[in-house]
Amino acid sequence: MSDQRVVRPTPISGFPEWTPQVRAVEQRWLDHIRAGFESFGFASVETPSVENLDVLMAKGETSQEVYTLHRLQADAKDDSDARLGLHFDLTVPFARYVAQHFNELTFPFKRYQTQRVWRGERPQEGRFREFTQCDIDVINVDSVPLHFDAELPRIVHRVLSGLDIPAWTLNVNNRKVLQGFYEGLGVKDPIAVIRAVDKLHKIGDDGVREILEGEGLTTEQIDPCLALARIRGAGVVEEVRALGVVSELLEEGLEELAFVLNDLADLPEGSVVADLSIARGLDYYTGTVYEASFDDDPGYGSICAGGRYENLAGQFIRKRLPGVGISIGLTRIFAKLVAEGRIEAGRVCPTDVMVVVPNAERRADALRTGELLRERGFNTEVFHSTAKVGKQIQYASKRGIPFVWFPPFEEGGEHEVKDMAKGEQGTADPAVWSPAT
RNA sequence: GUGGGUGUAGCUCAGCCGGUAGAGCACUUGGUUGUGGUCCAAGAAGUCGCGGGUUCAAGUCCCGUCACUCACCCCA
């Protein structure tokens, strides 16, 4: 080592990265998810990593910590980039996208979008500043059929069931049920109640009661709110009605919820469950809401979430464009398995065959052999120098390459191939050889 | 943003009551001539996060700072 100064590489908190072995698995996941989305007819869309800040803030809620863009060399007066921010989810960019390409799209527009998003939060386990979301949304003019509210959980179920991950449950609720119920109780600020009840799993009944008392609710109001939040599973509609609260919005929400659940009745029991404690914070959702978590570790956070929103794109176009969407938190799920050592490492490299270069004179022949194998569909690399044969094989071994190819060491000699796992070696013809014995 | 923990070779860490750094793994080379995963031998590699202070002397004590990490908040 020289006495040159070195910039010590340190991990940047909240920006995960993987070894090739692990990345190989992640790529398989991505392929699987993509195929799952496409099997339902959703089309892929990709949007820039940045949006205008006023687009990102269109919701009016500045609760998200947005990373903004600026050039290092920009002089103090130059704020030409200051209006750009990295997107913190894919729904807002999607809404903008739909408004912008309105004329070119066919509705209802069904798209999937798998991209990284950025949030300037304090990272910790399962929570990142850069992570990948796999989003599917349906957006339509004026109204979106309720069938889509049921189709999205079905897609998620199909996709997640194909991945080797711990047991999870997708909880479903409907904002109208909560809001209608609270209104029926005469609560002044239903949103505040939704926020409080959303914390039920963490702070318990007493904690929620305390907050609600602070909001000025009476015991006669708080008790039904807590009772509502406890309702879960089959029979939710009847149980809610049994609480005796009446409101038009509540009834509407119950009917929607019942419709969705009924549509999903064929899924394995326990995979998609009605849970009236799910509220989804203060997001833009107005109807159906989804939230999935691991059964054995619900505190880890939601691994998949979404819902229905009325008119999200309304900020960008003078049309009513409601939608329903759901997002799989790929990074959060994947990182948990990586941390727990549950990812069975994939290949270090995609190479099927490594061709040995016997010596400088035979290199051209080795390259030709590599080309032939490649044309036949094998991922083939020709060793990068003329090191000792032992070194070359060792390299293949470390890289987990299953076959090492030996071109003739002398003009006119025979090719040989070695099965690294078995340690067996024999003559072979590169024009017809295949690893299946 | 608030509070706690940690910061020593590429990685995981040790370093007792202060006396100018160690292990394992990884890496390089060798164990001769065309063959890996084991073994043996040798070797290379450290601004002890950074800055300041106390001291004859600091990785070791004190202060500050940065980074990482955990909890809260919030969320995928």
Side-chain angles (χ1 to χ4, degrees), chain A residues 1-16 19 33 61-65 87-91 113-136 156 160 168 170 195 198-199 202-203 207 278-283 290-294 299-307 325-336 339 354 356-359 362 383 386-410 413-414 416-426:
Chain A
M1 278 276 142
S2 66
D3 54 356
Q4 245 183 355
R5 277 222 150 190
V6 182
V7 177
R8 285 198 175 204
T10 57
I12 303 174
S13 181
F15 290 78
T19 58
I33 292 166
E61 294 162 2
T62 48
S63 59
Q64 288 291 353
E65 295 274 3
H87 57 219
F88 53 81
D89 75 2
L90 300 176
T91 307
Q113 192 171 347
T114 296
Q115 284 183 245
R116 293 190 188 213
V117 302
W118 294 266
R119 297 185 186 177
E121 306 164 339
R122 267 279 214 297
Q124 54 190 270
E125 188 193 28
R127 183 176 159 200
F128 303 92
R129 295 198 286 184
E130 174 180 73
F131 57 97
T132 300
Q133 285 191 321
C134 308
D135 231 66
I136 29 173
V156 166
L160 292 188
W168 49 274
L170 180 66
R195 287 203 66 182
D198 196 38
K199 299 186 173 109
K202 249 177 193 170
I203 61 180
I278 298 298
R280 298 270 60 237
L282 38 65
D283 252 317
Y290 315 105
E291 184 167 297
S293 53
F294 288 122
Y300 183 68
S302 49
I303 58 171
C304 177
I326 195 163
S327 177
I328 298 174
L330 174 75
T331 305
R332 179 171 281 180
I333 299 172
F334 192 71
K336 180 177 172 69
M354 191 199 80
V356 162
V357 177
N359 52 56
R362 310 290 317 158
F383 195 74
T386 49
K388 289 184 178 178
V389 174
K391 286 283 168 233
Q392 298 190 38
I393 294 173
Q394 189 179 50
Y395 169 83
S397 178
K398 278 184 192 161
R399 297 248 291 166
I401 298 171
F403 295 96
V404 171
W405 196 277
F406 300 88
F409 277 61
E410 279 113 33
E414 288 212 85
E416 289 183 25
V417 65
K418 175 168 186 155
D419 182 325
M420 292 297 282
K422 292 179 186 165
E424 294 166 359
Q425 185 171 335

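Numbered from 1 within each chain, the chains take letters A, B, ... in sequence-line order.
Remark: A/R122 pairs with no residue by the salt bridge (charged side-chain N to carboxylate O under 4.0 Å, His left out) rule, at least two apart or across chains. A search for side chain to side chain donor-acceptor pair (under 3.5 Å) contacts involving A/K418 returns nothing, not counting sequence neighbours. The ring pair (Phe, Tyr, Trp, His ring centres under 6.0 Å) search around A/F383 returns A/Y395, not counting sequence neighbours. In this structure, A/Q394 has no side chain to side chain donor-acceptor pair (under 3.5 Å) partners at least two apart in sequence or on a different chain. Applying the salt bridge (charged side-chain N to carboxylate O under 4.0 Å, His left out) rule to A/R127 yields the partners A/E121; only residues at least two apart in sequence or on another chain are considered. Not counting sequence neighbours, A/Q392 has no partner by the side chain to side chain donor-acceptor pair (under 3.5 Å) test. Listed by chain and number, the residues in a side chain to side chain contact (heavy atoms under 4.5 Å, CB included) with A/Q133 are A/D89, A/L90, A/V117, A/R119, A/F131, A/D135, A/S327 (sequence neighbours excluded). Applying the side chain to side chain donor-acceptor pair (under 3.5 Å) rule to A/W118 yields the partners A/E130; only residues at least two apart in sequence or on another chain are considered. Take A/S13 and apply the side chain to side chain contact (heavy atoms under 4.5 Å, CB included) test, not counting sequence neighbours, and it matches A/P123, A/R129.
Looking at A/T132, its side chain never comes within 3.5 Å of a backbone N or O of A/T331 through a donor-acceptor pair.
More than 12 heavy atoms of other residues, nucleotides or ligands lie within 6.0 Å of CZ in A/R399, so this atom counts as buried by the packing criterion. Other residues, nucleotides and ligands contribute at most 12 non-hydrogen atoms within 6.0 Å of the CD atom of A/E414.
Rounded to a whole Å, the CD atom of A/Q394 is 12 Å from the C1' atom of B/U38. Between A/Y395 atom OH and B/U28 atom P the separation is 12 Å, expressed in whole Å. Distance CZ (A/F15) to P (B/C68): 10 Å, rounded to an integer number of Å. A straight line from CD of A/E424 to P of B/G36 spans 17 Å, rounded to a whole angstrom. The distance from atom CZ of A/F88 to atom P of B/C75 is 12 Å, rounded to the nearest whole Å. Here the P atom of nucleotide B/A76 and the CD atom of A/Q113 are 15 Å apart, to the nearest Å. Taking atom NZ of A/K388 as the reference point, atom P of B/U35 lies 9 Å away to the nearest angstrom. Distance, A/D89 CG to B/A76 C1': 10 Å, rounded to whole Å.
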Please produce a list of atom pairs where a protein N or O lies less than 3.5 Å from an N or O of nucleotides 69-72 of chain B.
from  : atom 1 : to     : atom 2 : distance (Å)
B/U69 : OP2    : A/S13  : OG     : 2.1
B/A71 : OP2    : A/Q124 : OE1    : 2.8

Could you go through nucleotides 24-26 of chain B and list every protein N or O atom that sits under 3.5 Å from one of its N or O atoms, giving the distance for each pair?
none

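Of the P atoms belonging to B/C25 and B/C61, the separation is 30 Å, rounded to the nearest Å. Rounded to whole Å, the separation between the C1' atoms of B/A23 and B/G15 comes to 11 Å. Of the C1' atoms belonging to B/G46 and B/C63, the separation is 26 Å, rounded to the nearest Å. Between the C1' atoms of B/C74 and B/U55, the separation comes to 48 Å (whole Å). Separating the C1' atom of B/U65 from that of B/U6 is a span of 15 Å, rounded to the nearest Å. Nucleotides B/C73 and B/G1, compared at atom C1', are 9 Å apart to the nearest Å. Atom C1' of B/A44 sits at a distance of 36 Å from the matching atom of B/G53, rounded to the whole Å. For the P atoms, the distance from B/G59 to B/A21 is 9 Å, rounded to whole Å.
Backbone-only engagement by A/A305 is indicated by non-hydrogen atom pairs under 4.0 Å involving sugar-phosphate atoms exclusively. Counting any heavy atom pair closer than 4.0 Å across all strands shown, A/G306 reaches no nucleic acid atom. Nucleic acid contact class of A/F406 (heavy atoms, under 4.0 Å, all strands): base.
Taking only side-chain atoms of A/K391, from C-beta outward, the nucleotide of B/C74, B/C68, B/G30 with the closest atom is B/G30.
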Nucleotide pairing, RNA chain B (Watson-Crick or G-U, distances under 3.5 Å), in dot-bracket with [ ] and |: (((((((..((((........)))).(((((.......))))).....(((((.......))))))))))))....

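Here A/F128 does not pack flat against the base of B/A76, since the 5.5 angstrom centre distance and 30 degree tilt limits are not both met.
Looking at which nucleotide of RNA chain B each of A/G301 and A/S397 is closest to, the 5′-most match is held by A/S397.
The distance from atom CD1 of A/I303 to atom CG of A/L170, rounded to the nearest 0.5 Å, is 8.5 Å.
With hydrogens and angles ignored, a donor-acceptor pair closer than 3.5 Å exists between the side chain of A/Q425 and the base of B/U35.
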